[in-house]
Amino acid sequence: MSSGQHLFSSNAICRSVDLIISSKGQIELCNQWLEWEATVLQPTQIHQCPEEIGRICFFFFFFPTSLPQEGKRNLLVTSALPYVNNVPHLGNIIGCVLSADVFSRYGRLRDWNMLFVCGTDEYGTATENKAREEGLTPQQICDKYHAIHSSIYKWFQIDFDYFGRTTTEKQTEIAQDIFWRLHKHDFLMEDTVEQLRCESCQRFLADRFVEGICPHCTYPEARGDQCDKCGRLINAVELREPQCKVCRQTPVIRSSKHLFLDLPKLETQLEQWLDKSTSTGDWTANAKQITRSWLRDGLKPRCITRDLKWGTPVPHPDFKEKVFYVWFDAPIGYLSITANYTDKWEKWWKNPDQVELYNFMAKDNVPFHSVVFPCSLLGAQDNYTLVGHLVATEYLNYEDTKFSKSRGVGVFGDMAKDTNIPSDVWRFYLLYVRPEGQDSAFSWADMATKNNSELLNNLGNFINRAGMFVTKFFDGCVPVMELQQEDKKLLALVGWELQQYIQLMDKVKIRDALKHILNISRHGNQYIQVNEPWKKIKGEDTERLRAGTVTGVSVNIACLLSVMLFPYMPTVSQTIRDQLNAPQSIISTMLQGNGTFVCALSAGHRVGTVSPLFQKLEVDQIEALKKRFSGQQVFDFHHVMW
């Protein structure tokens, strides 16, 4: 190979990769077609070419600008706001913030202009009750638990552009503006509501603080707003044998006047918008199905006020003692959190022609993001950016049961770091079992198996061997490479896996894309095993040259893997690049376009100190952890996610 940095087009080497994969009998034909095409970029050429500077000099830790940019893909990414008085469990983390983080990191590698916002949802009865339990004010509770959430997400390396909260002046300002716009356009209506009031607690009960038998499917633990089993909406007064979840007393029915969002009046607008959004955007199948079921049943007016004190005040003089209901108020938190990040927040939220909005959540949140909140914004008639891509996971269970903080069952965010398992390993396993198409389960035994087989024996083994061969056999410098047909076939496979990874990640198929990273390292391990560079290095010049080529190709594939891993395991990705002394300005080009394999470590490149990336999870260690989180301990946190 000649000197310089070689950019290999994956399109060229993948022309007939399907033939390579599908039929051994066609390999000779593939050999005639496959060419390892290289374009050499001399340093002087790069400096003289502004386009190359702009394309290549993109860094992994690119900090996005706060505003949409002309000529770029502008993506606004939100994660469902966690309710402040909980400690999120692993299911909450994978369903919302972690999935959104992976996609945001990936988007930055793709050179998209990203803004990733989230924050704690802090208003409502749950906060009032928690404050009473702990002898604090609601604001003190919010401050305390906002800090807990921030600490957990920091440990999990969730790279928000801004992690805010809903108890702000901006929240009041924006929510009340949307309210008055809905009022002006006649999309609000008054009605008298029968509500459940707990005489023991001396308060009207928020829907999620009532539990009883579902009137539709007889599920015994239905909430006051929705049944988790059949998914139907419920008015709390419809529950059979209702109970206050705080004191377990039977509440009584009382009447109160409230304001409603007139969803039937907005239904035609909503359906027209949904037809376009679901056909052009990346909506998960469950998001489409849940939304269709709501529309099929016909929309009904939705109450937007509550008889509480801790909430965004309703500005209407006839309802001055009330606050906005969480399902109206909380999604507006996305806007107010962005407004606390930048004064020019409207360039993101009132810019549907330039901005694509991605919402990440678990499936129980879908109706409020696909129907209720869009109706609020459509009715406001203020050119709001509506969701174009609604990404909803199914549920993650814990072993063969559900997470329960009160029963001490399952791993919650504040406990994960105490296991001495690195956050990158937690991220990897949660993403490996991400419930993309159906419910999945966290399993300690499976986590150990995946760590030991996929991370330690597959991915880590390949990257470590590639780096160690350079150190041990070539004095720490990447050797000269002369590609043979076998190398080109490997690179064709790697290029194909890279293209599949990009196609899946573009469609937010995060779990499926991860498998292609592991496939590449598997191909690499087989390549090393067949070629045995540790034997060839002791042979004649041609064999030593062959050992050098295998080592050089392998270490460059390891470099590619570090880029592909970055959204999933950011610390491991950085560690690999540090060990290989890899130039970030070059390897970042690998995820541009349809995928470009960069020979970033050319002959003569000196690597750093190479060491193992992963540790084995031992059986006794896993058994101890499984026992620890099986319900032996009891905690007092009640957790909900809106």
Side-chain angles (χ1 to χ4, degrees), residues 75-83 88-104 106-107 116-118 121 158 223 225-233 270 273-297 326-327 330-331 333-334 356-375 377 385-397 402-403 430-442 504-514 567 639-642:
L75 272 61
L76 175 56
V77 177
T78 70
S79 170
L81 307 185
Y83 200 73
H89 59 64
L90 299 180
N92 301 144
I93 290 168
I94 185 58
C96 303
V97 294
L98 180 54
S99 294
D101 177 67
V102 171
F103 185 69
S104 294
Y106 170 75
F116 176 24
V117 296
C118 187
D121 174 23
I158 309 300
R223 297 194 312 263
D225 60 347
Q226 191 174 18
C227 175
D228 281 339
K229 184 174 182 183
C230 69
R232 298 279 293 275
L233 284 183
L270 178 73
W273 165 73
L274 277 171
D275 285 345
K276 180 180 178 183
S277 184
T278 56
S279 61
T280 60
D282 292 317
W283 287 54
T284 51
N286 57 356
K288 292 180 181 179
Q289 186 273 322
I290 292 168
T291 302
R292 279 195 297 266
S293 70
W294 265 55
L295 292 172
R296 185 177 60 246
D297 294 342
V326 65
W327 293 117
Y334 297 136
E356 297 176 59
L357 174 58
Y358 281 76
N359 289 161
F360 284 80
M361 71 203 68
K363 65 182 178 182
D364 58 334
N365 271 326
V366 167
F368 306 100
H369 288 78
S370 67
V371 176
V372 180
F373 186 43
C375 279
L377 298 183
T385 304
L386 302 179
V387 61
H389 313 269
L390 204 157
V391 184
T393 61
E394 300 291 322
Y395 293 137
L396 179 75
N397 295 315
K402 292 183 178 181
F403 289 88
L430 289 174
L431 293 160
Y432 193 97
V433 297
R434 182 175 184 261
E436 284 188 4
Q438 59 186 14
D439 290 357
S440 62
F442 173 91
L504 288 166
M505 287 292 274
D506 280 358
K507 295 291 185 182
V508 207
K509 300 292 186 183
I510 295 171
R511 182 196 62 201
D512 293 344
L514 177 57
H639 63 277
V640 293
M641 289 280 286
W642 77 263

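Quick caveat: nothing in here was measured; it's all calculated off a predicted structure.
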| said: If you define the side chain from C-beta out and look only at heavy atoms, does anything of Ser293 sit under 4.5 Å from Gln289? | reply: yes

| task | Take Ile158 and Leu98, measure what side-chain contact (heavy atoms from CB on, under 4.5 Å) needs, and give me the verdict at the end. | result | CA-CA 6 Å; Ile158 309 300; Leu98 180 54; 4.0 Å; yes

| query | Would you say the side-chain atoms of Ser277 pair up with the backbone N or O of Trp273, donor to acceptor, closer than 3.5 Å? | reply | no

| task | Begin with the C-alpha distance, continue with both residues' side-chain angles, and end with the deciding distance and a verdict on ring-ring contact (aromatic ring centres under 6.0 Å, His included) for His389 and Phe360. | result | CA-CA 9 Å; His389 313 269; Phe360 284 80; 9.8 Å; no

| query | Taking the inter-plane angle between the rings of Phe103 and Tyr358 on a 0 to 90° scale, is it parallel (under 30°), tilted (30 to 60°) or perpendicular (over 60°)? | reply | tilted

| message | Measuring only between side-chain heavy atoms, which start at C-beta, is Phe368 closer than 4.5 Å to Trp327? | response | yes

| request: Determine yes or no for a side-chain-to-main-chain donor-acceptor pair under 3.5 angstrom, with Asp439 supplying the side chain and Tyr395 the backbone. | output: yes

| request: Side-chain contact test, heavy atoms from C-beta onward, threshold under 4.5 Å: evaluate it for Asp282 versus Val391 and give yes or no. | output: no

| query | How many angstroms lie between atom CG of Leu295 and atom OG of Ser370, to the nearest 0.5 angstrom? | reply | 7.5 Å

| field | Heavy-atom donor-acceptor pair, Arg511 side chain to Arg434 backbone, under 3.5 Å | value | yes

| said: For Lys509, I'd like to know if atom NZ has over 12 heavy atoms of other residues, nucleotides or ligands within 6.0 Å. | reply: no

| Any luck finding a side-chain donor-acceptor pair between Asn286 and Glu394 under 3.5 Å? | yes

| query | Okay, side chain of Trp283, backbone of Gly388: is any donor-acceptor separation there less than 3.5 Å? | reply | yes

| Heavy-atom side-chain proximity of Leu274 to Leu270 below 4.5 angstrom | yes

| said: Determine whether a donor-acceptor pair (N or O, by modelled atom type, separation under 3.5 Å) exists between the side chain of Ser440 and the backbone of Val433. | reply: yes

| task | Apply side-chain contact (heavy atoms from CB on, under 4.5 Å) to the pair Arg232 and Trp294, showing each step before the final yes or no. | result | CA-CA 9 Å; Arg232 298 279 293 275; Trp294 265 55; over 6 Å; no

| said: Quick one: does any side-chain atom of Ser99 pair with a main-chain N or O of Cys96 as donor and acceptor, under 3.5 Å? | reply: no

| request: For residues Lys363 and Ile290, determine if any side-chain heavy atom of one lies less than 4.5 Å from a side-chain heavy atom of the other. | output: yes

| field | Under 3.5 Å donor-acceptor, Thr78 side chain and Cys118 backbone | value | no

| How far does CD1 of Ile94 sit from OG1 of Thr393, to the nearest 0.5 angstrom? | 7.5 Å

| field | Sub-4.5 Å side-chain heavy-atom contact between Phe403 and Leu90 | value | yes

| query | Taking C-beta and beyond as the side chain, do Pro567 and Met505 meet within less than 4.5 Å on heavy atoms? | reply | yes

| request: Answer whether the closest heavy-atom distance between the side chains of Thr278 and Leu390 falls below 4.5 Å. | output: no

| Is a side-chain donor-acceptor pair under 3.5 Å present for Tyr106 with Asp506? | yes

